Amino acid sequence: MQGFVPEGRQANFAADRTKYPVNVVKEAVIKRGVLVVASSPTRFGLSLTVSKEDMDKAVDALDYALGELDRVAGSL
């Protein structure tokens, strides 16, 4: 299985960290109005009283973000 970012990514992306997978996901979900802690793995911190609408929004944002990650990975 091939990773999204090739080996030696620190050297290859030193000038453009926006292409790191965690940064692609973080920026994409923020565009959809969802805030995440950008780490590896990315985590959603939801309250115990989260509504179905909020959960749907978070899942939709993650779906969008993974599509963006796939698009960026295809351009490497």
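Bear in mind the structure is a predicted one, so any value in this text is a computation, not a measurement. Residue numbers run from 1 in the order of the sequence given. Values below: every heavy atom of this structure, side chains too, minus hydrogens, waters and symmetry copies.
- Sequence neighbours left out, the pairs with a member in residues 56-65 that pass side chain to side chain donor-acceptor pair (under 3.5 Å) are K52-D56.
- Between K26 and I30 there is a side-chain heavy-atom pair separated by less than 4.5 Å.
- Under the side chain to side chain donor-acceptor pair (under 3.5 Å) criterion, E68 pairs with R71, sequence neighbours left out.
- Partners of S51 by side chain to side chain contact (heavy atoms under 4.5 Å, CB included), not counting sequence neighbours, listed by chain and number: E53, D54.
- Taking all atoms of both residues into account, the shortest heavy-atom contact from A61 to V34 is CB-CG2, 3.6 Å.
- Of all the heavy atoms in V29 and A65, the pair that sits closest is CG1-CB, 3.6 Å.
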